[in-house]
Amino acid sequence: MEIGAHVSSAGGIHTAIDRAEAIGADSVQVFTQSPRAWRPTNHDPATFDRFRERRTEAGMGGVLCHAVYLCNLAAPDRDVYVLVGDGSYLMLAQELVTAVQEGIKIIVVVVDNHGYASIGSLSRSLGSQGFGTHYRYRKAGSLGLDGEGPQGDTLPIDLAANAASLGAVSERVRTIAELRAALARAKRAVSPYVITIETDRYESVPDYGSWWEVAPAEVSGLAEVRAARERYETGRKRARRELRPPE
Ligand SMILES: Cc1ncc(C[n+]2csc(CCOP(=O)(O)OP(=O)(O)O)c2C)c(N)n1
Ligand SMILES: [Mg+2]
């Protein structure tokens, strides 16, 4: 069984292997282009050769990219894996009931970082300090802002117990070794199987390498938000339409 991570490929696709190797990953996942942009990345073909060489040198196993979400659904002879965050799990958990009812075996790994980490990161990049993206108790009147120092305790949400209550087999793991063992059990199982693991809010996928049109507030008491608004206005001026009606 291979365990890896999504890593940055900034500086050429082959550099992903260096980064995966550095963290001891057995497999690697990359963006082949920015998921925020229509235009594909113009890869230098030499980096593909370098990627293959580096992969062999490093003995790197599976290579995954974000283009193939639905492929495994079309392969009934293989296991289907779902990797989902705790926030998304809370929005979609009831789908497990359908999987139980229909006897569809899915293996769900819930990456629990106690909140909406990716939205928190977007919020920080716009000066809004991760407001409202923590699953934490209110502390001194605050729901918890990134950069505010020690935050309130995490909420006692037990997603493994939640999954079990919906009819799935579930377990909570704490280490990569435990995750490997749990995945081996999940592979042998015949019903939907949910594994939860705690992760760090501030370890995330790398930069998307593109501008994203997200409008910060026009009026704010926070200097960071006003600065983000200025960057937004400048970005809007540079934006071009990629899709045009046929001439
Ligand atoms: C149906 C839907 N609602 C809201 C969003 C906006 N959204 C994108 S990521 C995210 C938070 C996801 O949190 P979590 O699943 O815990 O993943 P994390 O970013 O913490 O890894 C939200 C609300 C969305 N993409 N789709
Ligand atoms: Mg989360």
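Just so it is clear, the model here is predicted, and its values are computed rather than measured. Counting starts at 1 for both ligands and their atoms, following the listed order. FYI, side chains are in, hydrogens and waters are out, and symmetry mates aren't considered; it's all heavy atoms of this structure.
Using a cut-off of 4.0 Å between Lys/Arg side-chain N and Asp/Glu carboxylate O, D146 and R201 are scored as salt-bridged. In summary, E233 and R229 engage in a salt bridge, as defined by a charged side-chain N under 4.0 Å from a carboxylate O.
Ring geometry for H43 against F48 counts as tilted: the plane angle lies between 30° and 60°, on a 0 to 90° scale.
When the shell of 6.0 Å around CZ of R236 is examined, it contains 12 or fewer heavy atoms from other residues, nucleotides or ligands.
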V194/V169 under side-chain contact (heavy atoms from CB on, under 4.5 Å): CA gap, chis, key distance, verdict: CA-CA 6 Å; V194 177; V169 180; over 6 Å; no

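Annotation: side chain of V108 is not in contact with side chain of Y193 (no heavy-atom distance under 4.5 Å).
Annotation: protein N, O or S atoms under 2.8 Å of the Mg ion (ligand 2) (waters excluded) comprise D86 OD1, N113 OD1, G115 O.
Less than 6.0 angstrom separates the ring centroid of H6 from the ring centroid of F31.
Among protein residues, G85, D86, G87, S88, M91, N113, G115, Y116, A117, S118, I119 come within 4.0 Å of ligand 1, judged on heavy atoms.
The structure places CD1 of I13 at 8.0 Å from OG1 of T41, a figure rounded to the nearest 0.5 Å.
Side-chain atoms of D49 and H14 include no donor-acceptor pair closer than 3.5 Å.
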